[in-house]
Amino acid sequence: MTAPLKFSEEVSTARALNKPVVALESTIITHGMPYPQNVETAELVESDIRSAGAVPATIAIMDGNIHIGLEPDELHKLAQAKSVAKLSRADIAFALANNQIGATTVAATMICAHLAGIQVFATGGIGGVHRGAEQSFDISADLEELAQTPVTVVAAGAKAILDLPKTMEVLETRGVPVIAYGQDVLPAFWSSTSSLAAPLRADTAAEIAASHLMRARLGLPGGQLIANPIPRESEIAESVLEPYIEQALSEATSQGIAAKSVTPFLLARIFELTNGASLTANIALVRNNARLAAAIAKELIPA
Ligand code: PSU
Ligand code: MN
């Protein structure tokens, strides 16, 4: 008995020809961005990967199958569907076994990518340790997944709604390399920099690919987090965003928003409070991550 994988036509062909493939998640489509910008962004990101010489594989769960690559009609269906489940490691088997339609988070996308033999994955920002986690215990399953599943994840850091120092501490404890791309400090999702030093730095896709391969040779479980700064021209300064983040967080608390709903609620509120500026930046950073992921995937194909 093997995992129920269903490859798109494009990804099937890429596998047969040993072409580089980049995994993409679907929770960013269903829970991270409003319609229609969600589907427009998903299409742009896929075409960015193709232009960079790799093949995109957007991952989601439908009709009892893990879809590795969505056909255009499937992508549109997912982007408009109401009440799509947000699936992490804990929920993915249940959703599959019961024919639910589900979007994969970073954690679940890593699991599916690994099952499909895909080593590189691009997203916006990973989940992490929420502010106030010492009370709520809200720590994203994305961190545990990075510790155990060997996929290199390209993100613009952890989302700035989180407690970034605590997120970094957990990643270090769990043995996850955090590699800033082209700079010495960690990016902070909507902002290209933060006050936190990056544990590791790489300046080329080749260095990142070499490290990915060396981890396999050493038998180390888990992946790598590549912290790729948002392009400067698209960033929003931390000082501009922080009051909106604070406001969204206090509304979440007063409205009793908890568990899986926290991150989607905060992203949607910050979108409203910034008059859409946070979404424009989010789109720019995901596209930038897709391009770097494609370059890494190409480096991982033996010449
Ligand atoms: N990146 C984005 N927007 C998103 C996400 C990532 O730009 O919405 C999603 C990812 O699926 C990630 C999830 O796994 O947010 C984190 O959710 P939580 O904090 O509940 O673990
Ligand atoms: Mn959580």
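The figures here come from the full heavy-atom set of this structure, side chains too, leaving out hydrogens, waters and symmetry mates. Each residue takes its place number in the sequence, starting with 1.
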* Euclidean distance, Ile226 CD1 relative to Ile208 CD1, rounded to 0.5 Å -> 4.5 Å
* **Distance-only donor-acceptor check, side chains Glu238 and Ser194, under 3.5 Å** => no
* Structure fact -> Exactly one of Leu87, Ile66, Val151, Thr149 clears side-chain contact (heavy atoms from CB on, under 4.5 Å) with Cys112, and that residue is Ile66
* **Donor + acceptor pair across side chains of Glu25, Thr123 (<3.5 Å)** => yes
* Asked: Under 3.5 Å, side chain of Thr193 to main-chain N/O of Pro187, donor-acceptor pair present?
  -> no
* To do: Answer with yes or no whether the side chains of His212 and Thr152 bring together a donor and an acceptor at under 3.5 Å.
  => yes
* For atom CD of Glu134, decide whether the heavy atoms of other residues, nucleotides or ligands shown that lie under 6.0 angstrom number more than 12. => yes
* Asked: Is there a donor-acceptor pair closer than 3.5 Å between any side-chain N or O of Ser26 and the backbone N or O of Ala103?
  -> no
* Partner of Ile179 by side-chain contact (heavy atoms from CB on, under 4.5 Å), out of Asn228, Leu200, Leu225 -> Leu200
* Qualifying residue for side-chain contact (heavy atoms from CB on, under 4.5 Å) with Leu241, from Leu273, Ile161, Ile270 -> Ile270
* Salt-bridge present (Glu251, Arg269; N to O < 4.0 Å) -> yes
* Asked: Above 12 or not: heavy atoms from other molecules or residues under 6.0 Å from CZ of Phe271?
  -> yes
* Asked: Any luck finding a side-chain donor-acceptor pair between Glu43 and His76 under 3.5 Å?
  -> yes
* For the pair Asp63 and Lys6, find out whether any cationic side-chain nitrogen is under 4.0 Å from an anionic carboxylate oxygen. => no
* Asked: Between Arg131 and Glu246, is there a side-chain N and carboxylate O pair less than 4.0 Å apart?
  -> yes
